[in-house]
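Working notes, beginning with the structure itself.
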Number of protein chains: 2
Amino acid sequence: MTEPIRMTGVLDPRDGWEAEGCPIAASLELVGTRSAMLILREAYYGATRFDQFTARTGLSDPVVSSRLRELEAAGVLAREDYREPGQRTRKAYRLTEMGEDLLPVIVALQRWGNRWLSPGEKGATEIVHRGCGAEVGVRLECDEGHPVAPDELDLKYRPA
Amino acid sequence: MTEPIRMTGVLDPRDGWEAEGCPIAASLELVGTRSAMLILREAYYGATRFDQFTARTGLSDPVVSSRLRELEAAGVLAREDYREPGQRTRKAYRLTEMGEDLLPVIVALQRWGNRWLSPGEKGATEIVHRGCGAEVGVRLECDEGHPVAPDELDLKYRPA
DNA sequence: CGGCATCCTTAGGGATACTG
DNA sequence: CAGTATCCCTAAGGATGCCG
């Protein structure tokens with residue numbers, strides 16, 4: 001065990017972040033459920049139709065129905081009609097830019113689960129770099145393009 | 001909206017990943033609750049004592065108690081006694097290596113929430129690179145050190 | 001201060017059945 | 001195929017109270 005990551009720059013811990021202002025809490029309100037995450041996982045894996053989501057997640061119809069509508073309302077998914085030549089109209093759920101931007105969260109969870117919770121290497125999946133074949137993870141980087149170590153983080157609070 | 005991220009390399013979608021083998025699902029079993037994430041957030045922000053976790057997360061005592069024990073049992077946190085000179089013994093919860101390794105998940109959620117859910121810029125927090133001051137996010141990278149674009153991902157299934 | 005036991009409420013989620 | 005409505009069960013979480 002190493003030293004805990006230290007974040008500075010907040011005067012009083014009670015000043016604000018634990019409330020609704022916290023973007024982490026806000027994110028969790030929307031995608032913090034198991035069902036939402038599993039549906040997003042399948043969206044990244046290429047699912048677009050209702051029955052694909054139910055079959056591949058193992059979630060029940062009503063749950064998938066609710067989550068899809070919530071995610072659509074929030075702007076994470078977009079529902080569109082599409083018609084292949086000679087086929088009838090179908091519904092497709094596609095990731096929006098907002099939805100795609102969540103990919104690192106899923107990749108980070110995947111990587112962490114594989115590293116620390118893998119039930120004896122069996123039956124697990126791996127996300128790899130196409131071509132290169134190496135497993136893909138996630139790395140801290142600031143908007144200036146610098147790689148960031150865990151102990152170089154500051155927490156900044158923007159008061160209202 | 002752009003094209004969905006495509007993952008290839010799995011023959012039959014039903015072949016395995018949706019079940020217990022999925023490391024994402026496994027991760028969610030452990031840290032997929034709001035309370036677990038908020039407690040981890042505070043651990044990264046420097047909290048170590050019981051009352052810090054309750055005060056800063058707004059969670060009730062019993063919930064904090066349960067989550068702390070679960071996270072400790074799983075190896076994410078370690079409980080240790082410490083004694084400052086002249087003080088009585090106190091309990092401290094510290095992140096293990098396994099726990100620190102989850103940091104990218106929290107940072108990714110924070111960044112996503114800030115970008116897409118920000119409630120009007122007010123009262124929110126930001127994680128910045130110390131010194132440089134730029135906001136910190138997360139970036140896909142493979143074990144070979146290559147930066148990875150979202151459309152360069154392959155899903156690999158390792159059967160039992 | 002640092003918790004756990006108890007009780008209660010609500011949100012997550014499954015089963016079944018029904019509609020366009 | 002693509003859902004919705006209803007019903008029910010379980011897990012998440014708050015309030016209160018007690019105890020070392």
Side-chain angles (χ1 to χ4, degrees), chain A residues 13-14 18-20 22 24-43 47-74 77-84 86-94, chain B residues 13-14 18-20 22 24-25 28-43 47-74 77-84 86-94:
Chain A
R14 303 239 38 166
E18 76 282 4
E20 295 68 33
C22 173
I24 300 174
S27 300
L28 292 174
E29 291 299 315
L30 181 55
V31 296
T33 60
R34 177 184 150 86
S35 54
M37 288 287 195
L38 294 183
I39 284 177
L40 284 169
R41 178 192 72 184
E42 291 308 322
T48 60
R49 296 209 319 278
F50 188 87
D51 68 329
Q52 293 177 320
F53 286 108
T54 58
R56 299 187 191 178
T57 60
L59 296 167
S60 66
D61 286 15
V63 171
V64 172
S65 179
S66 307
R67 274 322 77 76
L68 286 178
R69 267 190 298 111
E70 289 168 13
L71 292 172
E72 186 194 356
L77 296 177
R79 188 204 308 233
E80 48 185 56
D81 295 325
Y82 76 96
R83 176 194 303 266
E84 294 176 3
Q87 305 281 334
R88 65 181 180 84
T89 308
R90 295 174 181 276
K91 309 282 187 182
Y93 297 87
R94 297 199 187 277
Chain B
R14 303 239 37 168
E18 75 280 5
E20 295 69 32
C22 173
I24 300 173
L28 292 175
E29 292 297 315
L30 180 56
V31 297
T33 61
R34 175 183 149 85
S35 54
M37 287 288 194
L38 294 183
I39 284 177
L40 285 169
R41 179 193 71 183
E42 291 310 321
T48 61
R49 297 208 319 278
F50 189 88
D51 68 329
Q52 294 178 320
F53 287 108
T54 57
R56 299 186 192 178
T57 59
L59 296 167
S60 65
D61 286 15
V63 171
V64 172
S65 178
S66 306
R67 270 326 75 75
L68 286 178
R69 267 190 297 110
E70 290 169 13
L71 292 173
E72 186 195 355
L77 296 177
R79 187 204 310 232
E80 49 184 55
D81 295 324
Y82 76 95
R83 175 195 303 266
E84 293 176 4
Q87 305 281 334
R88 66 184 180 80
T89 309
R90 294 175 182 276
K91 309 282 186 182
Y93 297 85
R94 297 197 185 279

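Chain letters run A, B, ... following the sequence lines, proteins first and then strands; every chain starts at 1. All heavy atoms count here, side chains included; hydrogens, waters and symmetry mates do not.
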Considering all heavy atoms of both residues, which atom of [X] and which atom of [Y] are nearest to each other, and what is their separation?
X: B:Tyr93; Y: B:Leu77; result: CB-CD1, 4.5 Å
X: B:Cys22; Y: A:Arg41; result: SG-NH1, 2.9 Å
X: B:Thr54; Y: B:Asp51; result: OG1-O, 3.0 Å
X: A:Val64; Y: A:Phe50; result: CG1-CE1, 3.7 Å

Nearest-angstrom distance from the residue atom [atom1] of [X] to [atom2] of [N]:
X: A:Glu70; N: C:dG12; atom1: CD; atom2: C1'; answer: 10 Å
X: A:Arg67; N: D:dG3; atom1: CZ; atom2: P; answer: 15 Å
X: A:Leu28; N: D:dG13; atom1: CG; atom2: P; answer: 10 Å
X: B:Ile39; N: D:dA12; atom1: CD1; atom2: P; answer: 13 Å
X: A:Glu29; N: C:dA11; atom1: CD; atom2: C1'; answer: 11 Å
X: A:Leu30; N: C:dA11; atom1: CG; atom2: C1'; answer: 15 Å
X: A:Asp51; N: D:dC1; atom1: CG; atom2: C1'; answer: 7 Å
X: A:Phe53; N: D:dC1; atom1: CZ; atom2: P; answer: 15 Å

| query | Is the distance from OP1 or OP2 of C:dC1 to the nearest side-chain N or O of B:Arg90 less than 4.0 Å? | reply | no
| query | Within the structure, does a side-chain N or O atom of A:Arg49 lie under 4.0 Å from either OP1 or OP2 of D:dC1? | reply | no
| task | Using a 4.0 Å heavy-atom cut-off, write out nucleotides 14-20 of chain C from 5' to 3' as B (base contacted by protein), S (sugar-phosphate only) or - (no contact). | result | BBB----
| Backbone N/O of B:Ile39 and side chain of B:Glu42: donor-acceptor pair under 3.5 Å | no
| query | Who are the side-chain contact (heavy atoms from CB on, under 4.5 Å) partners of B:Thr33, not counting sequence neighbours? | reply | B:Ser35, B:Ala36, B:Arg67
| request: Assign A:Tyr93 to base, sugar-phosphate, or nothing according to its heavy-atom contacts below 4.0 angstrom with the strands shown. | output: sugar-phosphate
| said: Applying a 4.0 Å non-hydrogen cut-off, can you work out what B:Ser35 is touching in the nucleic acid: base, sugar-phosphate, or nothing? | reply: sugar-phosphate
| query | Would you call A:Asp81-A:Lys91 a salt bridge at under 4.0 Å N-O? | reply | yes
| query | Of the nucleotides C:dG3, D:dA2, D:dA12, which one has an atom closest to the side chain of B:Thr33? | reply | D:dA12
